[in-house]
Amino acid sequence: MTVLANEQVIDGKGWRSGALVERRKLSQWFLKITDFADELLEGLGGLDQWPDKVRLMQENWIGKSQGLKCRFKFPGSSDGIDVFTTRPDTMFGASFVAIAADHPVAQKLAANAPELQAFIEDCRKGGTTAAEIDTAEKKGFNTGLTVEHPLDASWHLPVYVANFVLMDYGTGAVFGCPAHDQRDLDFARKYDLPVTRVVADGDETDSNFQGDTAYTGPGRIVNSHWMDGLTIDQAKADVIAKAEAEGWGEGQTQYRLRDWGVSRQRYWGTPIPIIHCEACGAVPVPENQLPVKLPEDVSFDIPGNPLDRHPTWSKVDCPQCHQAARRETDTLDTFVDSSWYFIRFASQPGGKPFDRTIAEQWLPVDQYIGGVEHAILHLLYARFWTRALSKIGMIDVKEPFASLFTQGMVTHQTYQDTDGNWLTPEQVKRDGDIWTIIETGEPAVAGRIEKMSKSKKNVVDPDDIVDQYGADAVRWFMLSDSPPERDLEWSESGIEGCWRFVQRLWRLTGQISGADGQDKALDRKTHQAIAGVGADIEALSFNKAVAKIYDLANAIEKAAPSASRDAAIRTIVLLSAPMVPHLAEEAWTKLGEGMIADMPWPDVDPALLVEDEVTIAVQVKGKLRDTLTVAKGLRQEEMQALALASQKVQHAIDGADIRKVIVVPDRLVNIVI
RNA sequence: GCGGAUGUGGCGGAAUGGUAGACGCUACAGACUUAAAAUCUGUUGUCCUUUUGGGCGUGCGGGUUCGAGUCCCGCCAUCCGCACCA
């Protein structure tokens, strides 16, 4: 048996095996991340060095919503159907109550109603893919039951089982207010239920709502007795207060976040340290018996969990009553391990997970880097884990990662043979638009460009190009072009150029001349490079840092021998060391300077960052007509005079009246005619 | 459907509202060479022009501004996340 996640089920079959999938109730281990939902949400506010995108994704994932939970009673009974709504202000617009197919009330009714039973079956078959949900029709089954409206016991509403109501959110039941909810409106139109307007944004206060588009915008309450004229927010508060006062409902907060299912029925994971005892129930493995180790004599030749069928591993005595008991054979989701590895990384004592004092010195992680694909799962789990450890007093750290940088994904084209088996890029070759499998000569199909993944085999092993060009050239290549936050389609075009640059750099280090003399222009370039490269590396803009090193190399090559040039050569070795460490170290030794790893980043002379001449643009009516090289800090009137003296400018003005002249110091002159 | 991002030469990509295309790749031409490789020099957005020059250009359409790749409004396309969440 294999257990699949929702996203691994396609058309009711396993995505890989194609085996039919059935739903079964399994008892599994969950971690109660929902207890931390609010904290995790609040904590996002303090993570100001995280990308907004990731914070927003987590916020949406946690999905906090506030509203009213209230009971629609069966007439003459205290029993009823509990409903959650974020729009208690629209209660007077209610026209039906809808419950999920899995709702207990529906289940109970179905026992004696084959038609309902069939409808429920139908709902379950409904797909979960985007397209299916988009096109899925709103369908309902009138149960014949009615419930009392909480605000008016004489008003009875019909109860439907509806395919669009989810059992695992809220109470599994809703009241439908068609005028102000699109799904409810679709449903009401189909089953010809009343549609009453209770929110109006202007003149339209007619209680009879027309059209097929629900109104969900702001406005004032209408057709709602004592609430008429209130704002939506006032009405919400009003209804909740009334419900609480009268005892038929209460304000409630709902989360979309669900508990974290950590059970995996497979070998490669941390054993869940629990022993099941007939008498004592689930008993934790005592601390002195931790860690529980996986057995090594296992076989993988038949499907299923090898731990389950191991002859002895699960047979243990209960730690409490010492009767024969059974070890839990589920293992933990590997996300569990990645939820605290950074704490272990910070301190690695023997015999316990981490040393609190040392870990607290290092944490939180100053700069965490990972792909966006971890925006929710890993990063939310790690935040949860850290808070949970903090709550049980094991560490005084709330947020694990102070600053987050999400690098883009590396993508590559995918290839398949005609049977749909994935092929690696090395297995195929291209001839025009035709792809063939190198080994067999059979045709191959080039597919989408996707994130590199082992399952689709569109991965490239860097070892090959490392062998060919060396680790430094490959490193330089990977840093040089694309900014790291952007997705990147892997291509080796350009690696040749990088390899050439590495050679160039090496040749430069052989050109120390011992000459005297200063080259002010080169000194300036050198110091601008020190400042620029340093700032770019700090900002993780490695591609820009690389460009500035190229610039400096070009300048050095053009310069005549001088003390300045020798200094520039030493500097460029230092600047490139983070990106081509092996070569830089070798070159530094050649220059007789010891270990580059011990060297500080070169100092910048701020005086040399300032140019004493600048090139300014001269525009006529916003169009560039000339550029002039002038002394930096030149007075505006002089800039204007020089600009007007330009022949090209005079030609462009062509005798027209000058209406206005805009002068931006050290940048441009714009003459408006 | 909701939320978010992205869109600039043949390609990867630069540009505090102020010279668009830095830097690299590719391509082409030249130097060196018996020849090739390596290296070096130059050209390389596009159109018109012999040149000098000039027109047009940052997905599309508007707007603000002396001046817009950058700001505002409205579209389009692609990608990512969530998705009948009441």
Side-chain angles (χ1 to χ4, degrees), chain A residues 51-54 56-61 63-65 67-68 83-87 90 98 100 126 128-130 132-134 136-138 162-166 168-177 180-184 186-187 254-258 372-373 375-376 408-409 411 449-451 476-477 480-483 485-489 491-498 500-501 503-504 507 541 543-554 557 615-628 648 651-652 659-673:
Chain A
D52 291 343
K53 178 194 165 98
V54 174
L56 193 63
M57 281 166 78
Q58 292 208 352
E59 189 182 321
N60 291 340
W61 186 264
K64 181 177 184 171
S65 61
L68 169 72
V83 156
F84 174 72
T85 177
T86 57
R87 294 295 301 272
T90 64
T128 52
T129 66
E132 285 167 322
I133 289 169
D134 260 357
E137 205 185 339
K138 304 274 174 287
N163 65 344
F164 65 92
V165 179
L166 306 173
D168 41 6
Y169 185 78
T171 60
V174 298
F175 79 79
C177 175
H180 307 290
D181 182 286
Q182 191 60 48
R183 291 159 306 184
D184 297 346
D186 293 346
F187 191 81
Q254 283 287 335
Y255 298 93
R256 209 188 67 99
L257 182 71
R258 305 212 216 129
V372 227
E373 68 270 27
I376 292 170
M409 294 182 290
T411 62
I449 293 165
E450 293 192 64
K451 179 191 157 195
W476 180 260
F477 171 60
S480 63
D481 272 344
S482 212
E485 69 274 14
R486 206 176 290 193
D487 284 353
L488 165 80
E489 192 191 335
S491 152
E492 280 162 36
S493 72
I495 180 77
E496 291 274 350
C498 292
R500 280 202 295 272
F501 179 76
Q503 307 294 318
R504 241 173 101 193
R507 279 200 304 276
S541 300
N543 56 324
K544 292 197 253 172
V546 163
K548 285 179 181 127
I549 292 173
Y550 272 115
D551 252 346
L552 180 59
N554 291 344
E557 280 174 349
T615 304
I616 62 162
V618 184
Q619 299 176 333
V620 178
K621 263 174 70 182
K623 280 187 189 284
L624 181 73
R625 294 300 167 183
D626 201 1
T627 57
L628 301 171
K648 290 175 185 171
H651 183 251
R659 301 215 321 251
K660 194 172 172 185
V661 178
I662 285 132
V663 181
V664 182
D666 296 334
R667 293 221 80 125
L668 67 60
V669 179
N670 186 11
I671 295 154
V672 186
I673 57 176

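Every chain is numbered from 1 and lettered A, B, ... according to where its sequence line falls, protein lines coming before strand lines.
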Nearest to the side chain of A:Ser65 - B:C66, B:A86, B:G81?
B:A86

Per-residue pairing states of RNA chain B in dot-bracket (Watson-Crick or G-U under 3.5 Å; . unpaired, | other strand) read (((((((..(((.....[....))).(((((.......))))).((((....))))..(((((..]....))))))))))))....

B:G53 to B:A15 separation - P atoms, rounded to the nearest Å:
30 Å

Rounded to whole angstrom, note down the C1' distance from B:C32 over to B:C23.
27 Å

How are the rings of A:Trp476 and A:Tyr550 set to each other: parallel, tilted or perpendicular (split at 30° and 60°)?
perpendicular

Integer angstrom distance from the C1' of B:C11 to that of B:G62
32 Å

Taking OP1 and OP2 of B:G81, is either one under 4.0 Å from a side-chain nitrogen or oxygen of A:Lys451?
no

Inter-nucleotide C1' distance (B:U8, B:A14), Å rounded
10 Å

Taking O4'-C1'-N9-C4 for purines and O4'-C1'-N1-C2 for pyrimidines, is B:G57 syn (within 90° of 0) or anti?
anti

Distance, C1' atom - from B:U16 to B:A29, rounded to whole angstrom:
40 Å

Once hydrogens and angles are ignored, does a donor-acceptor distance under 3.5 Å link the base of B:C23 to the side chain of A:Lys544?
no

Does a side-chain N or O from A:Asn554 land closer than 4.0 Å to OP1 or OP2 of B:G24, or not?
yes

Remember a base hit wins even if backbone is also touched, and classify A:Asn670 as base, sugar-phosphate or nothing at under 4.0 Å, heavy atoms.
base

Rounded to whole angstrom, note down the P distance from B:U26 over to B:G12.
15 Å

Please measure how far the P atom in B:C28 lies from the corresponding atom in B:G9, and state the result in whole Å.
22 Å

Suppose you measure atom C1' in B:G17 against the same atom in B:G63; what distance do you get, rounded to whole Å?
15 Å

